[in-house]
Amino acid sequence: MWGLLPLYWDRLESAGAAEVIAHRMVWSLPTALVLLAFAGEWSWIRPLLRQPRRLALLAASAVLIAVNWYLFIWAVGQDRVLEASLGYFINPLLTIAFGVLLLRERLRRAQWAAVGIGVLAVLVMTLAYGQVPWVSLAISVSFGLYGLVKKQTGLDGLAGFSADSALQFLPALAFLVVLTARGDSTFTGEGAGHTALLVCSGLATALPLIFFGAAALRLPLATLGLMQYLTPVTMFLLGLLVFHEEMPPERWAGFLLVWLALTVLTWDLLRQARRGRRAAAAGRTPAETTHAG
């Protein structure tokens with residue numbers, strides 16, 4: 001579903017990225033409230049309101065995901081779906097880099113190799129194009145920072161989505177009111193289908209997130225990590241086969257290097273998962289198994 005979202009936002013091209021993201025924020029809140037009522041998950045709200053630090057983190061996460069949404073919707077409207085897909089391919093490598101730089105995590109040799117190949121891919125595309133692939137990097141950085149901040153909030157998928165939506169609602173509504181007053185809104189001027197797509201943008205945002213949260217409870221982490229590659233792969237195929245974006249040799253070289261980095265990362269992830277299972281069967285910790293190997 002995440003990978004197919006470019007098809008959805010492409011249908012709203014006439015509205016512009018700013019109006020689309022504002023509607024996405026406004027309609028996300030009622031969607032979240034309905035889902036919370038259905039799940040009966042209200043107990044997290046009162047404790048959260050008494051914790052200013054977590055509220056500040058949520059405000060930061062709401063801003064970061066808004067930036068990410070805007071860049072992604074803008075990229076679709078500018079026929080840069082391939083660049084957007086590259087950003088999500090880079091994201092696992094950037095998440096590892098954040099772990100080292102900000103959380104002082106230690107990397108295994110294969111992880112260092114994957115990050116190095118990813119950096120090389122960015123350099124290749126920068127030299128080939130004569131400019132930094134800023135769209136891909138901005139999408140990746142904003143989403144990577146969002147994940148980092150979100151991890152500190154301690155909220156699950158539905159609660160986190162609801163909290164972000166609550167914080168985004170009033171600024172987005174104010175923007176739409178101003179847009180309507182200026183006569184620049186497309187909400188009712190492009191037909192019933194256009195209006196329905198804008199209204200349903202909150203649901204289009206919520207459903208993949210909820211399904212992801214449900215899958216996270218049922219699948220091993222290694223499987224979940226591999227399945228997350230489906231999103232940029234689907235976006236890449238859409239950009240290439242549906243939107244017919246250009247793919248010159250230098251762009252292929254950059255993508256192939258990123259895919260090589262992800263292959264190394266995936267191999268390392270699967271190897272560690274196997275070691276973890278062997279360690280559990282032998283009654284040892286994964287770290288002991290790694291040390292013994």
Side-chain angles (χ1 to χ4, degrees), residues 2-3 5-6 21 24 54 56-76 80-108 110-123 125-126 132-157 160-161 163-164 167-168 205 208-209 212-213 216 221-222 224-236 254-255 257-266 268-269:
W2 268 324
L5 275 178
I21 190 177
R24 189 176 186 178
R54 290 180 76 195
L57 287 170
L58 283 168
S61 74
V63 170
L64 286 167
I65 197 61
V67 171
N68 180 265
W69 288 348
Y70 178 84
L71 288 168
F72 180 63
I73 294 169
W74 177 86
V76 172
R80 300 174 84 159
V81 174
L82 286 173
E83 290 183 62
S85 75
L86 179 62
Y88 290 109
F89 276 124
I90 293 173
N91 190 67
L93 304 172
L94 193 68
T95 299
I96 292 174
F98 282 159
V100 174
L101 297 174
L102 302 178
L103 302 180
R104 301 184 182 278
E105 295 178 355
R106 297 179 62 184
L107 297 188
R108 297 181 293 274
Q111 291 175 313
W112 276 116
V115 171
I117 296 170
V119 171
L120 178 61
V122 173
L123 290 175
M125 282 186 280
T126 299
V132 176
W134 68 268
V135 174
S136 304
L137 290 177
I139 286 174
S140 184
V141 168
S142 60
F143 194 71
L145 287 174
Y146 169 74
L148 187 68
V149 172
K150 206 68 175 172
K151 184 178 180 180
Q152 311 302 315
T153 65
L155 293 178
D156 64 16
F161 170 71
D164 286 343
L167 291 167
Q168 293 167 341
T205 301
L209 182 65
F212 175 78
L221 188 61
L224 196 66
L226 289 174
M227 291 188 72
Q228 284 185 267
Y229 292 143
L230 287 173
T231 295
V233 166
T234 307
M235 290 181 189
F236 175 81
F255 269 90
L257 283 170
V258 169
W259 293 335
L260 175 61
L262 293 177
T263 301
V264 172
L265 197 62
T266 301
D268 182 67
L269 177 68

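The residues of the chain are indexed from 1 along the displayed sequence. Note: hydrogens, waters and symmetry copies are ignored here, and every other heavy atom, side chains too, is used.
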Participant: Under the salt bridge (charged side-chain N to carboxylate O under 4.0 Å, His left out) definition, can you give me all pairs with a residue in residues 135-148, not counting sequence neighbours?
Facilitator: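 Residue pairs with at least one partner in residues 135-148: there are none.
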Participant: Check Ala261 against Ala114 and note the closest heavy-atom contact, atom names and distance.
Facilitator: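 Closest approach of Ala261 to Ala114, heavy atoms only: CB-O, 3.3 Å.
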Participant: Please name the pair of heavy atoms, one in Ile21 and one in Ala66, separated by the smallest distance, quoted to 0.1 Å.
Facilitator: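 Residues Ile21 and Ala66, closest heavy atoms: CD1-O, 2.9 Å.
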Participant: Compare all side-chain heavy atoms of Phe89 with those of Val233 and state whether any distance is below 4.5 angstrom.
Facilitator: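 Sidechains of Val233 and Phe89: in contact.
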Participant: Enter the distance from Ile139:CD1 to Trp69:CH2 here, rounded to the nearest 0.5 Å.
Facilitator: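 Answer rounded to 0.5 Å: 14.5 Å.
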Participant: Decide yes or no for Met235 and Phe72: does some side-chain heavy atom of the first lie under 4.5 Å from some side-chain heavy atom of the second?
Facilitator: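 Contact flag for Met235/Phe72 side chains = yes.
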Participant: Give the minimum heavy-atom separation between Pro133 and Thr126, together with the two atoms involved.
Facilitator: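 What the structure gives for the nearest pair is CD-OG1, 3.3 Å.
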Participant: Which heavy atom of Leu257 sits nearest to which heavy atom of Ala121, and what is that distance?
Facilitator: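 In terms of heavy atoms, the two residues are closest at CB-CB, 3.6 Å.
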Participant: For the residue pair Ser61 and Lys150, what are the closest heavy atoms and their distance?
Facilitator: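 The answer is OG-NZ, 3.7 Å.
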Participant: Would you mind reporting whether Leu230 and Trp2 have side-chain heavy atoms less than 4.5 Å apart?
Facilitator: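 Trp2 does not reach Leu230 side chain to side chain.
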Participant: Within this structure, what is the OG-CG distance for the pair Ser140 and Leu93, rounded to the nearest 0.5 Å?
Facilitator: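 Ser140 atom OG to Leu93 atom CG measures 8.0 Å (nearest 0.5 Å).
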Participant: Would you say that Leu71 contacts Phe143 through its side chain, given a criterion of any heavy-atom pair below 4.5 Å between the two side chains?
Facilitator: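 Side-chain contact under 4.5 Å: no.
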Participant: Would you call Arg80 and Trp74 a side-chain contact if the rule is heavy atoms closer than 4.5 Å?
Facilitator: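 Yes, their side chains come closer than 4.5 Å.
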Participant: Quick one: does Gln111's side chain have a donor or acceptor within less than 3.5 Å of a partner on Leu265's backbone?
Facilitator: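 Judged by distance alone, no pair lies under 3.5 Å.
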Participant: With no hydrogens and no angle check, do the side chains of Thr205 and Arg24 hold a donor and an acceptor under 3.5 Å apart?
Facilitator: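 Yes, side-chain donor-acceptor contact under 3.5 Å.
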Participant: So among Val115, Leu137, Val141, Leu145, which one has a side-chain contact (heavy atoms from CB on, under 4.5 Å) with Leu94?
Facilitator: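 Result for side-chain contact (heavy atoms from CB on, under 4.5 Å) with Leu94: Val141.
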Participant: Once side-chain hydrogen bond (donor to acceptor under 3.5 Å, both in side chains) is applied, do any residues pair with Ser142, and if so which ones, sequence neighbours excluded?
Facilitator: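 Residues passing side-chain hydrogen bond (donor to acceptor under 3.5 Å, both in side chains) with Ser142: Asn68.
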Participant: To check you understand the geometry: which heavy-atom pair defines the closest contact between Gly144 and Asn91, and what is its length?
Facilitator: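 So the minimum-distance heavy-atom pair works out to N-OD1, 3.3 Å.
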Participant: Before you tell me yes or no, could you show the steps for Tyr229 and Tyr88 under ring-ring contact (aromatic ring centres under 6.0 Å, His included), namely the whole-Å CA-CA distance, both residues' side-chain angles and the distance that decides it to 0.1 Å?
Facilitator: CA-CA 8 Å; Tyr229 292 143; Tyr88 290 109; over 10 Å; no
Participant: Classify the angle between the aromatic ring planes of Phe236 and Trp259 as parallel (below 30°), tilted (30 to 60°) or perpendicular (above 60°).
Facilitator: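 Taking Trp259 first and then Phe236, their aromatic rings stand perpendicular (interplane angle over 60°).
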Participant: Do Val122 and Ile90 come within less than 4.5 Å of each other through their side chains, counting heavy atoms only?
Facilitator: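 When only atoms from C-beta onward are counted, Ile90 and Val122 do touch, with a gap below 4.5 Å.
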